[in-house]
Asks: 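Dumping the structure here so I can ask a few things about it.
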Amino acid sequence: MPQVTFIEFNGTRHEVEVPSGTTLMRAATDNSVPGIDGDCGGQCACATCHVLVDPAWAERTGARNASEANMLEFVDDLREQSRLACQIMLTDALDGLVVAMPEGQH
Ligand code: FES
């Protein structure tokens with residue numbers, strides 16, 4: 001069961017553990033982590049699941065896919081480490097992942 005730490009913009013940390021095969025967005029919404037709404041249900045169509053992946057994890061989470069990159073064009077606070085949480089599938093290889101929420105999401 002991968003464990004993930006979400007850090008709100010105000011610094012509040014939320015550590016959750018979810019079954020392997022859960023998306024990062026579902027890991028947040030299923031555990032009522034504030035700042036990730038997942039309005040489109042994970043269809044890569046809303047960008048309310050924008051997260052900033054800790055640089056130490058960037059290689060393991062991989063690169064944005066094309067539709068994700070398009071959707072991220074619409075977010076405020078786009079950064080190099082920006083990802084959409086619905087496009088990251090949690091596996092045991094991502095156990096310990098740390099992501100932060102951008103300022104606009106709380
Ligand atoms: Fe809508 Fe990720 S949940 S883009």
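As the structure lists them, so they are numbered: ligands from 1, and atoms in each ligand from 1.
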Asks: Out of all atoms in ligand 1, which are within 4.0 Å of some heavy atom of Cys86? Include the element for each.
Replies: 2 (Fe), 3 (S), 4 (S)
Asks: Quick one, His50 with Ser82, criterion side-chain hydrogen bond (donor to acceptor under 3.5 Å, both in side chains). Give me CA distance, side-chain angles, the key distance, then yes/no.
Replies: CA-CA 7 Å; His50 179 199; Ser82 291; 2.8 Å; yes
Asks: Which of the listed options, Gly41, Ala47, Gly38, holds the heavy atom that is closest to atom 4 (S) of ligand 1?
Replies: Ala47
Asks: Quick check: does Cys46 have an N/O/S atom under 2.8 Å of atom 1 (Fe) of ligand 1?
Replies: yes
Asks: Which of the atoms in ligand 1, numbered in the order shown and given with their element, are less than 4.0 Å from a heavy-atom of Cys44?
Replies: 4 (S)
Asks: Side chains of Ile88 and Val53, heavy atoms from C-beta outward: is any pair under 4.5 Å?
Replies: yes
Asks: Only one of Leu97, Val99, Val98 clears side-chain contact (heavy atoms from CB on, under 4.5 Å) with Asp54; which?
Replies: Val98
Asks: Does a sphere of radius 6.0 Å around CG in Asp76 hold more than 12 heavy atoms from other residues, nucleotides or ligands, not counting ones at 6.0 Å or beyond?
Replies: no
Asks: Would you say Glu103 has more than 12 foreign heavy atoms packed within less than 6.0 Å of its CD?
Replies: no
Asks: Could you tell me whether atom 1 (Fe) of ligand 1 has an N, O or S atom of Cys40 under 2.8 Å away?
Replies: yes
Asks: In terms of atom number and element, which parts of ligand 1 are under 4.0 angstrom from non-hydrogen atoms of Gly42?
Replies: 3 (S)
Asks: How about Ile7 and Met101: do any of their side-chain heavy atoms sit closer than 4.5 Å?
Replies: no
Asks: Pick one of side chain, backbone, both or neither for how Ala85 approaches ligand 1, counting any non-hydrogen atom pair under 4.0 Å.
Replies: neither
